[in-house]
Amino acid sequence: MKKGLLLLTCLVLLVAGGALTYRYLRSHGFSARVEPHPIEEAFALTVRKLVTPRKFLEMKNPLPASPVYIAEARNHYADHCAVCHDVDGSGETKVSKGLYPPAPDLASKRTQELSDGEIFYIIREGIRFSGMPGFGGEDKENWKLVQFIRHIPKLSSEELEMIKAAMPRAGKD
Ligand code: HEC
(Lines give C-alpha, C1' and ligand atoms only; values in the text may rest on other atoms or scores of the structure.)
Protein backbone atom coordinates (compact mmCIF):
# COMPACT_ATOMS: atom_id res chain seq x y z
CA MET A 1 0.00 0.00 0.00
CA LYS A 2 2.81 2.39 1.01
CA LYS A 3 4.63 1.59 -2.25
CA GLY A 4 1.48 2.39 -4.27
CA LEU A 5 1.12 5.77 -2.56
CA LEU A 6 4.77 6.61 -3.23
CA LEU A 7 4.37 5.67 -6.89
CA LEU A 8 1.23 7.79 -7.19
CA THR A 9 2.97 10.80 -5.54
CA CYS A 10 5.92 10.45 -7.95
CA LEU A 11 3.53 10.26 -10.89
CA VAL A 12 1.60 13.36 -9.76
CA LEU A 13 4.89 15.28 -9.24
CA LEU A 14 6.12 14.18 -12.67
CA VAL A 15 2.92 15.26 -14.41
CA ALA A 16 2.82 18.57 -12.48
CA GLY A 17 6.52 19.20 -13.26
CA GLY A 18 5.93 18.38 -16.92
CA ALA A 19 2.91 20.70 -17.09
CA LEU A 20 4.82 23.57 -15.45
CA THR A 21 7.82 23.09 -17.77
CA TYR A 22 5.50 23.00 -20.79
CA ARG A 23 3.75 26.21 -19.63
CA TYR A 24 7.11 27.91 -19.07
CA LEU A 25 8.42 26.86 -22.50
CA ARG A 26 5.17 27.87 -24.22
CA SER A 27 5.36 31.37 -22.75
CA HIS A 28 9.09 31.81 -23.52
CA GLY A 29 9.36 29.93 -26.85
CA PHE A 30 12.86 28.74 -27.73
CA SER A 31 14.54 32.13 -27.69
CA ALA A 32 18.14 32.01 -26.48
CA ARG A 33 17.97 35.71 -25.61
CA VAL A 34 16.22 35.31 -22.26
CA GLU A 35 17.89 34.86 -18.87
CA PRO A 36 17.65 31.35 -17.43
CA HIS A 37 15.40 31.16 -14.35
CA PRO A 38 17.52 31.06 -11.12
CA ILE A 39 16.01 27.64 -10.27
CA GLU A 40 17.10 26.29 -13.66
CA GLU A 41 20.59 27.76 -13.17
CA ALA A 42 20.91 26.25 -9.68
CA PHE A 43 19.70 22.88 -11.00
CA ALA A 44 22.14 22.94 -13.95
CA LEU A 45 25.09 23.86 -11.71
CA THR A 46 24.20 21.10 -9.23
CA VAL A 47 23.98 18.50 -12.00
CA ARG A 48 27.28 19.74 -13.45
CA LYS A 49 29.03 19.31 -10.12
CA LEU A 50 27.49 15.86 -9.62
CA VAL A 51 28.79 14.59 -12.95
CA THR A 52 32.27 16.18 -12.77
CA PRO A 53 34.75 13.35 -12.12
CA ARG A 54 35.78 13.41 -8.42
CA LYS A 55 39.46 13.56 -9.35
CA PHE A 56 38.94 17.03 -10.87
CA LEU A 57 36.74 18.33 -8.06
CA GLU A 58 39.67 17.95 -5.68
CA MET A 59 42.54 18.90 -7.99
CA LYS A 60 44.81 21.89 -7.29
CA ASN A 61 46.72 23.75 -10.00
CA PRO A 62 50.08 21.91 -10.31
CA LEU A 63 51.81 24.99 -11.78
CA PRO A 64 53.56 27.43 -9.46
CA ALA A 65 52.05 30.95 -9.43
CA SER A 66 53.90 32.98 -12.06
CA PRO A 67 53.32 36.36 -13.75
CA VAL A 68 54.83 34.83 -16.91
CA TYR A 69 52.12 32.14 -17.04
CA ILE A 70 49.45 34.77 -16.41
CA ALA A 71 50.79 36.91 -19.27
CA GLU A 72 50.86 33.90 -21.63
CA ALA A 73 47.35 32.86 -20.68
CA ARG A 74 46.16 36.46 -21.06
CA ASN A 75 46.97 36.31 -24.78
CA HIS A 76 45.37 32.88 -25.07
CA TYR A 77 42.27 34.26 -23.32
CA ALA A 78 42.15 37.29 -25.65
CA ASP A 79 42.34 34.99 -28.66
CA HIS A 80 39.96 32.18 -27.66
CA CYS A 81 37.72 33.31 -24.79
CA ALA A 82 37.09 37.06 -24.74
CA VAL A 83 34.73 36.90 -27.74
CA CYS A 84 32.17 35.37 -25.35
CA HIS A 85 33.52 36.15 -21.87
CA ASP A 86 34.51 39.77 -22.65
CA VAL A 87 37.80 41.55 -21.96
CA ASP A 88 37.18 41.69 -18.19
CA GLY A 89 35.47 38.28 -17.89
CA SER A 90 32.04 39.87 -17.30
CA GLY A 91 30.35 38.03 -20.18
CA GLU A 92 28.84 41.31 -21.40
CA THR A 93 29.32 40.56 -25.10
CA LYS A 94 26.80 40.39 -27.92
CA VAL A 95 27.66 36.72 -28.50
CA SER A 96 27.15 35.82 -24.84
CA LYS A 97 23.84 37.67 -24.59
CA GLY A 98 22.57 35.52 -27.47
CA LEU A 99 23.55 32.25 -25.78
CA TYR A 100 21.37 30.20 -23.45
CA PRO A 101 22.73 30.09 -20.83
CA PRO A 102 24.90 33.19 -21.29
CA ALA A 103 28.57 33.21 -20.28
CA PRO A 104 28.77 34.00 -16.54
CA ASP A 105 30.94 36.67 -14.94
CA LEU A 106 34.24 34.86 -14.41
CA ALA A 107 35.16 37.23 -11.56
CA SER A 108 31.99 36.25 -9.67
CA LYS A 109 31.72 33.96 -6.65
CA ARG A 110 30.05 31.35 -8.88
CA THR A 111 33.26 30.86 -10.90
CA GLN A 112 35.85 31.73 -8.29
CA GLU A 113 34.40 29.17 -5.88
CA LEU A 114 34.92 26.35 -8.42
CA SER A 115 37.98 24.23 -7.64
CA ASP A 116 41.08 24.57 -9.88
CA GLY A 117 40.33 21.11 -11.28
CA GLU A 118 36.72 21.99 -12.11
CA ILE A 119 37.85 25.04 -14.10
CA PHE A 120 40.52 22.93 -15.83
CA TYR A 121 37.94 20.26 -16.71
CA ILE A 122 35.49 22.86 -18.07
CA ILE A 123 38.17 24.44 -20.29
CA ARG A 124 39.29 21.04 -21.61
CA GLU A 125 35.90 19.34 -21.98
CA GLY A 126 33.45 22.24 -22.41
CA ILE A 127 29.90 22.23 -21.06
CA ARG A 128 27.33 20.15 -22.87
CA PHE A 129 24.04 21.88 -23.86
CA SER A 130 25.71 25.30 -23.65
CA GLY A 131 27.86 27.56 -25.83
CA MET A 132 31.01 26.71 -23.83
CA PRO A 133 33.29 24.74 -26.21
CA GLY A 134 35.64 22.00 -25.05
CA PHE A 135 39.06 23.16 -26.22
CA GLY A 136 41.02 19.97 -25.55
CA GLY A 137 44.49 21.47 -25.68
CA GLU A 138 47.66 20.81 -23.73
CA ASP A 139 47.35 20.35 -19.98
CA LYS A 140 50.00 22.96 -19.21
CA GLU A 141 48.28 25.63 -21.31
CA ASN A 142 44.95 24.85 -19.64
CA TRP A 143 46.48 25.14 -16.16
CA LYS A 144 47.91 28.52 -17.16
CA LEU A 145 44.38 29.57 -18.12
CA VAL A 146 43.14 28.39 -14.70
CA GLN A 147 45.77 30.65 -13.12
CA PHE A 148 44.60 33.51 -15.34
CA ILE A 149 40.95 32.98 -14.36
CA ARG A 150 41.94 33.26 -10.70
CA HIS A 151 43.64 36.55 -11.63
CA ILE A 152 40.59 38.01 -13.46
CA PRO A 153 39.14 39.82 -10.39
CA LYS A 154 42.49 41.67 -10.05
CA LEU A 155 43.04 42.70 -13.70
CA SER A 156 44.65 46.15 -14.00
CA SER A 157 43.56 48.73 -16.58
CA GLU A 158 46.83 48.09 -18.50
CA GLU A 159 46.05 44.38 -18.67
CA LEU A 160 42.50 45.10 -19.87
CA GLU A 161 43.95 47.26 -22.65
CA MET A 162 46.38 44.48 -23.63
CA ILE A 163 43.54 41.92 -23.85
CA LYS A 164 41.47 44.30 -25.96
CA ALA A 165 44.40 44.89 -28.32
CA ALA A 166 45.12 41.14 -28.68
CA MET A 167 41.49 40.20 -29.47
CA PRO A 168 40.54 39.11 -32.98
CA ARG A 169 38.69 41.95 -34.73
CA ALA A 170 35.28 40.19 -34.74
CA GLY A 171 35.04 40.18 -30.95
CA LYS A 172 35.56 43.90 -30.51
CA ASP A 173 32.10 45.08 -31.61
C1 HEC B 1 31.39 30.61 -27.82
C2 HEC B 1 31.37 31.21 -26.52
C3 HEC B 1 32.40 30.83 -25.51
C4 HEC B 1 33.78 30.77 -25.67
C5 HEC B 1 34.58 31.06 -26.93
C6 HEC B 1 34.31 30.41 -24.38
N7 HEC B 1 33.31 30.25 -23.48
FE8 HEC B 1 33.52 29.74 -21.50
N9 HEC B 1 31.51 29.69 -21.30
C10 HEC B 1 30.60 30.03 -22.27
C11 HEC B 1 29.27 29.86 -21.74
C12 HEC B 1 27.98 30.12 -22.49
C13 HEC B 1 29.41 29.41 -20.41
C14 HEC B 1 28.30 29.08 -19.42
C15 HEC B 1 27.86 27.64 -19.56
C16 HEC B 1 26.86 27.25 -18.48
O17 HEC B 1 26.43 28.08 -17.70
O18 HEC B 1 26.51 26.05 -18.46
C19 HEC B 1 30.84 29.31 -20.17
C20 HEC B 1 31.38 28.89 -18.97
C21 HEC B 1 32.73 28.91 -18.69
C22 HEC B 1 33.31 28.58 -17.40
C23 HEC B 1 32.52 28.11 -16.18
C24 HEC B 1 32.19 29.32 -15.31
C25 HEC B 1 31.08 29.09 -14.33
O26 HEC B 1 31.00 29.87 -13.37
O27 HEC B 1 30.24 28.21 -14.53
C28 HEC B 1 34.66 28.75 -17.50
C29 HEC B 1 35.69 28.54 -16.39
C30 HEC B 1 34.93 29.17 -18.85
N31 HEC B 1 33.74 29.25 -19.55
C32 HEC B 1 36.18 29.46 -19.35
C33 HEC B 1 36.45 29.73 -20.69
C34 HEC B 1 37.79 29.87 -21.23
C35 HEC B 1 39.08 29.84 -20.42
C36 HEC B 1 37.64 30.04 -22.58
C37 HEC B 1 38.72 30.16 -23.62
C38 HEC B 1 39.77 29.17 -23.64
C39 HEC B 1 36.21 30.06 -22.86
N40 HEC B 1 35.53 29.85 -21.69
C41 HEC B 1 35.66 30.25 -24.12
C42 HEC B 1 30.87 30.45 -23.54
C43 HEC B 1 32.13 30.50 -24.12
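Every number for a ligand or one of its atoms is a count from 1 in the order of the listing.
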Heavy-atom contact under 4.0 Å between [X] and ligand 1?
| X | result |
| --- | --- |
| Pro102 | yes |
| His76 | no |
| Val95 | no |

Counting distance only, does the side-chain N/O of [X] pair as donor-acceptor with the main-chain N or O of [Y] below 3.5 Å?
| X | Y | value |
| --- | --- | --- |
| Thr52 | Arg48 | yes |
| Ser115 | Leu57 | yes |
| Asn142 | Gly136 | yes |

What atoms of ligand 1 come closer than 4.0 angstrom to any heavy atom of [X]?
| X | answer |
| --- | --- |
| Ile123 | 35 (C) |
| Pro133 | 3 (C), 4 (C), 6 (C), 7 (N), 43 (C) |
| Arg48 | 25 (C), 27 (O) |
| Phe135 | 36 (C), 37 (C), 38 (C), 39 (C), 41 (C) |
| Thr111 | 24 (C), 25 (C), 26 (O) |
| Ala103 | 10 (C), 11 (C), 12 (C), 13 (C) |

Return the residue, atom name and 0.1 Å-rounded distance of the protein heavy atom closest to [atom].
| atom | value |
| --- | --- |
| atom 37 (C) of ligand 1 | Cys81 SG, 1.9 Å |
| atom 22 (C) of ligand 1 | Ile122 CG2, 3.7 Å |
| atom 15 (C) of ligand 1 | Ser130 OG, 3.5 Å |
| atom 17 (O) of ligand 1 | Arg110 NH2, 2.9 Å |
| atom 12 (C) of ligand 1 | Pro101 O, 3.3 Å |
| atom 5 (C) of ligand 1 | His80 O, 3.2 Å |
| atom 3 (C) of ligand 1 | Cys84 SG, 2.7 Å |

Non-hydrogen side-chain atoms of [X] and [Y] separated by less than 4.5 Å:
| X | Y | answer |
| --- | --- | --- |
| Arg150 | Asn61 | no |
| Glu118 | Lys49 | yes |
| Glu40 | Tyr100 | yes |

*Once the angle between the rings of Phe56 and Tyr121 is folded into 0 to 90°, is it parallel (under 30°), tilted (30 to 60°) or perpendicular (over 60°)?*
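The arrangement is tilted - the two ring planes meet at 30° to 60°.
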*Could you label the plane-to-plane angle of the His85 and Tyr77 rings as parallel, tilted or perpendicular, counting under 30° as parallel and over 60° as perpendicular?*
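The arrangement is tilted - the two ring planes meet at 30° to 60°.
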*Nearest to atom 8 (Fe) of ligand 1, which N, O or S atom of His85 do we find?*
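Result: NE2.
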_Test of proximity, Tyr77 against ligand 1: N or O pairs below 3.5 Å_ =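 No - when backbone and side-chain N and O of Tyr77 are compared with those of ligand 1, no distance drops under 3.5 Å.
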_Carboxylate-amine/guanidinium contact Glu159 Lys154, below 4.0 Å_ =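 Here Glu159 does not pair with Lys154 in a salt bridge, since their nearest N and O are not under 4.0 Å apart.
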